[in-house]
J.: 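Questions regarding the structure given below will be posed in turn.
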Amino acid sequence: MRPGNPEALSAPYDPSRIEPARYPFWEERGVFQPRAGDGKNPFVIAIPPPNVTGSLTMGHLLGESIRDCIIRWQRMEGRETLYIPGMDHAGIATQNVVEKKLKDENRTRHDLGREGFVAEVWKWKEQYGGLIFKQERRLGTSPDWSRERFTLDEGYSHAVLHVFKTLYDEGLVYRGRYIVNWCPRCQTALSDEEVDHRTTQGSLWYIRYPIKDSDKHVVVATTRPETMLGDTGVAVSPRDTRYKKLVGRMAVLPLVRREIPIVADPMVDPKFGTGAVKVTPAHDPNDFETGKRHGLPELVIMDEAGVMNENAGDFRGLDRFDARKRIVAALQDAGYLEKVEPYENSVGHCSRCHTVIEPYLSWQWFVKMAPLAAPAIEAARKGRVKMFPARWKKVYLNWLENIRDWCISRQLWWGHRIPVWYRGDEVVVSLGPPEGEGWRQDEDVLDTWFSSWLWPFATLGWPEKTPDLERFYPNSLMVTGSDIIFFWVARMIMAGYHFMGEAPFAHVYFTSIVRDAQGRKMSKSLRNSPDPLEMIGKYGADAVRFTMIQTPTGQDLLFDEKRLETGKFFANKMWNATKLVLMRLGGEDLSSVRESQLTLTLADRWILSRLANATKDVTRNLKTYRFAEAAQAIYHFAWNEYCDWYLEMAKPRWALAEKDEAMTPQERVDLRTARWVSWKVLDGILRLLHPFMPHVTEELWQAIPHDGETLAMAAWPRAKKAWFDAAVEREVGFLQEVVVAVRNLRAEQKIAPGRTVPVVVRGTEAQLELLGRLEGQILPLARIESLTLARDGARPAVAASAVVQGAEVFLPLAGLVDLDEERARLAREAEKLLTDLEGVKKKLRNQDFLGKARPEIVEKERARLAQLEETLEKLRKAQESLSVKTD
RNA sequence: GGGCGAUUAGCUCAGCUGGUAGAGCACUUGCUCGACAAGCAAGGGGUCACUGGUUCAAGUCCAGUAUCGCCCACCA
């Protein structure tokens with residue numbers, strides 16, 4: 001065993017001094033690499049790959065704190081652990097960043113050409129990408145950096161293209177011309193999940209469409225009047241008698257004078273608007289379907305930038321929103337506009353740049369999802385994949401059960417280029433260019449999520465059968481935000497089943513969403529996210545981790561910087577407690593000490609029992625992902641039990657070392673026992689706390705006597721059965737109550753803190769015997785000058801008193817006790833007791849309660865009644881004695 | 001339109017199988033006793049959103065209401 005080093009803690013606790021040095025310390029010792037463990041299954045977590053453009057946010061801090069806590073815990077449990085790091089190439093996001101940079105240089109990606117631009121992005125990536133991981137090291141997380149992956153690195157890209165080809169060959173990837181979500185600013189198609197719907201105050205325009213060969217007209221209502229230029233029909237409900245005779249006739253499109261048929265279609269809700277709908281097959285997904293059913297032409301009137309095209313006649317060249325204004329004006333001028341109503345509806349926006357989405361007719365690639373969803377649905381239903389908190393299962397299932405095909409082609413340059421080759425009418429799907437001349441590769445790239453859905457196995461070398469894949473798939477746990485449950489979690493599960501034949505992980509833990517104090521989501525644009533590195537600098541990584549991990553499970557976290565103090569103060573407390581213990585160990589060699597050679601006092605047995613309980617609690621709560629409870633358990637034990645009580649009770653025993661005369665043999669054993677127990681429990685605390693606060697615990701552990709090189713690889717404590725001792729806990733509980741009662745009396749009587757007081761206790765033989773056993777350790781706790789144990793003795797003449805578990809505690813201070821004060825206090829006490837007593841009596845008078853409640857509950861109430869009556873009786877006597885004396 | 005969550009001390013939140021309401025911060029009072037003022041000790045503070053139900057017993061289970069928040073939905 002390595003001896004302690006008190007020097008190490010001579011300076012005050014300063015996280016920014018100790019934390020940075022710990023990272024290389026762990027790395028040099030290979031702590032983060034998996035190492036074959038005890039034969040148990042390995043424990044594997046893959047990081048949700050942050051965008052290559054990303055920087056550390058409070059949200060990451062939360063997820064990383066949790067992931068690393070579990071990984072470190074499992075590592076200490078002896079499991080072979082792997083935490084897989086990596087980044088996402090983030091197609092649109094990254095392309096946008098680099099395009100913006102080009103724009104600042106007055107260039108566009110088109111100036112560079114495709115190859116040049118992609119080279120530029122790679123250059124950017126090398127220079128600025130992955131900042132997040134440089135920052136993250138400061139948090140002390142423990143991924144195996146030697147296994148870091150990037151979704152666009154060579155092997156991973158191969159996996160992505162391989163998946164595309166496989167799905168194509170299976171008929172699950174297809175190309176088609178459909179209405180897709182189109183961002184006119186990014187100029188690419190998007191999946192449904194990449195569209196944010198926002199409730200928007202708009203208008204409903206009622207437009208008259210004249211009926212051909214008639215002086216009548218039909219009125220249609222629309223939220224998007226500009227699309228009328230692309231109308232190729234008018235639809236009414238087949239059940240709508242109002243319009244029955246119009247079906248089959250032609251309407252004349254205002255401004256354009258195109259004749260369009262009036263058709264009957266069940267899509268129309270006769271109760272909405274006028275019951276007649278304009279049909280614009282090229283600009284609305286509903287209308288697209290309607291158009292198909294009636295063979296209506298698909299007339300595209302905008303280009304990919306949302307600018308009206310040659311089919312827009314006079315409005316050509318106008319932006320879609322300008323066109324809307326001009327068309328409405330023109331309709332009004334020509335008398336076609338019947339009315340305008342304010343109307344609230346939901347408008348899709350690009351989740352990347354917030355531009356209003358345009359439904360756009362174009363050729364795109366899709367994945368047929370229903371067959372992939374089936375096993376993923378079953379996995380959740382059968383519990384093969386469990387979600388925490390469980391309610392997310394419903395959300396997940398609801399999405400999968402109503403799943404729609406996934407548009408995976410993106411009109412971008414940064415990403416995996418679609419491995420499809422065209423030559424005339426020939427189409428070949430192939431990872432490389434086909435043999436022969438004249439092949440042209442598809443211009444589009446794949447959705448970023450089409451690569452990240454493979455993350456749990458593509459990071460391990462799939463499709464090669466690598467040893468890593470063999471050993472570390474499936475992963476154990478996924479920890480991520482519920483905001484990407486559809487984007488990512490559901491799709492990973494689908495991909496896991498389809499390509500690996502089993503779920504990618506057994507458990508999914510969804511973290512909270514971090515919001516600001518007003519409840520707004522943290523975002524760059526709002527600038528309401530504190531700088532994580534600044535927080536770490538100010539409070540220390542340990543404090544940040546400890547605080548973040550205590551977020552309410554499954555609820556949003558309203559982040560308040562003030563809360564970080566708790567963690568910092570706690571670390572400081574542990575620093576100082578360790579310093580104290582270390583000094584008092586006096587360099588004693590503990591390596592050869594065995595528990596059986598020691599004489600454990602009541603206090604020792606108590607703290608060991610409490611340690612066993614804390615160990616059990618922390619472990620149980622980690623197992624069930626109740627991080628806040630786990631953190632609370634160790635916090636409370638370390639601070640309120642070990643520091644506040646045990647260390648205080650150990651002080652007089654440690655002081656034996658400074659005795660002038662020689663120690664007796666018993667004293668020597670007692671000293672050694674106090675040293676060993678205080679060290680042993682501290683060691684246990686540091687171990688239990690390490691996953692939450694790795695730096696300070698490692699620092700402190702290195703300073704105290706320890707075995708092994710690093711706490712990060714030390715064994716997780718086990719709750720020793722022999723240490724649990726409920727009887728001892730009750731006994732010490734009584735002693736604590738006595739101490740608190742004396743302190744309380746002192747405070748109430750405003751006795752100077754420096755002054756010691758005599759105390760008389762009347763109680764049962766057992767109670768007095770207990771007090772006697774720990775007398776030496778209790779006296780200083782309440783600054784007691786002398787403790788008189790009086791079994792049947794008379795009550796002191798003039799005293800302040802309290803009742804503790806039936807025992808009477810007296811502060812006999814004639815002349816010093818403020819009698820009025822004391823009488824008032826006793827009266828208050830008695831009143832409180834009386835209220836409680838009434839409650840209990842009422843309960844015990846209730847025949848239903850006596851008859852139906854569990855017997856042990858009734859017994860408990862009876863005992864409580866007795867206790868209350870006894871206490872009250874003693875308070876009354878105290879009151880009497882005071883009134884007699886003063887008369 | 002559907003679904004989910006929240007409502008407990010001034011603030012942020014615990015309260016897991018129903019059985020005397022908890023923590024941190026904030027607040028009050030008192031403390032330079034050789035670990036720690038980032039601390040110690042003692043306190044004050046809650047009709048657990050509302051209404052009804054189940055039960056001997058409800059913060060906890062059920063139903064409804066209100067307010068706030070989130071998600072989903074081809075609401076012209």
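Chain letters run A, B, ... following the sequence lines, proteins first and then strands; every chain starts at 1.
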J.: For C4(B), does the base pair up with any side-chain atom of Arg391(A) as donor and acceptor (N or O, under 3.5 Å, distance only)?
T.: no
J.: Quick one: do Arg828(A) and Glu831(A) make a salt bridge, cutoff under 4.0 Å?
T.: no
J.: Can you tell me how far P of A76(B) sits from CD1 of Ile262(A), to the nearest Å?
T.: 21 Å
J.: NA contact type, Arg224(A), heavy-atom cut-off 4.0 Å: base, sugar-phosphate, or nothing?
T.: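 No contact at all - Arg224(A) keeps every heavy atom at 4.0 Å or more from the nucleic acid.
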J.: Strictly below 4.0 Å, heavy-atom distances to any atom of RNA chain B: list the hits from residues 567-577 of chain A, or just say none.
T.: Lys568(A), Phe569(A), Asn572(A), Lys573(A), Asn576(A), Ala577(A)
J.: So if I define the base as every atom that isn't primed, P, OP1 or OP2, how would nucleotides 69-74 of chain B read as a B/S/- string at a heavy-atom cutoff under 4.0 Å?
T.: -S-SSB
J.: Answer yes or no: side-chain N or O of Arg864(A) and base N or O of U20(B) forming a donor-acceptor pair under 3.5 Å.
T.: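 Result: at least one qualifying N/O pair found.
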J.: Are a donor atom and an acceptor atom from the side chains of Asp231(A) and Tyr209(A) found within less than 3.5 Å of each other?
T.: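 The criterion, which ignores hydrogens and geometry beyond distance, is satisfied for Tyr209(A) and Asp231(A).
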J.: Less than 4.0 angstrom from a charged side-chain N to a carboxylate O is my criterion; do Arg755(A) and Glu785(A) meet it?
T.: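 Answer for the salt bridge query: no.
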J.: Taking any heavy-atom pair under 4.0 Å as a contact, classify Ala752(A): base, sugar-phosphate, or nothing.
T.: nothing
J.: Would you indicate, yes or no, if C25(B) has its OP1 or OP2 atom less than 4.0 angstrom from a side-chain nitrogen or oxygen of Lys562(A)?
T.: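 Looking at the OP1 and OP2 atoms of C25(B), neither is under 4.0 Å from any side-chain N or O of Lys562(A).
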J.: For the pair Lys538(A) and Glu561(A), find out whether any cationic side-chain nitrogen is under 4.0 Å from an anionic carboxylate oxygen.
T.: yes
J.: Using a 4.0 Å heavy-atom cut-off, does Glu629(A) contact any base of the nucleic acid, only the sugar-phosphate backbone, or nothing at all?
T.: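 Counting heavy atoms under 4.0 Å across all strands, the contact made by Glu629(A) is with sugar-phosphate only.
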J.: Within a 6.0 Å radius of atom CZ on Arg17(A), are there more than 12 heavy atoms belonging to other residues, nucleotides or ligands?
T.: yes
J.: Less than 3.5 Å between a donor and an acceptor, one on the side chain of Glu648(A) and one on the base of A35(B), is that the case here?
T.: yes
J.: Have a look at Lys651(A) and say if it touches a base, only the backbone sugar-phosphate, or nothing, with a 4.0 Å heavy-atom cut-off.
T.: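 Contact class for Lys651(A): base.
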J.: Have a look at Ala628(A) and say if it touches a base, only the backbone sugar-phosphate, or nothing, with a 4.0 Å heavy-atom cut-off.
T.: nothing
J.: For Lys843(A), is there an ion pair with Glu861(A) - N to carboxylate O distance below 4.0 angstrom?
T.: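 Looking at Glu861(A) and Lys843(A), the cut-off is met.
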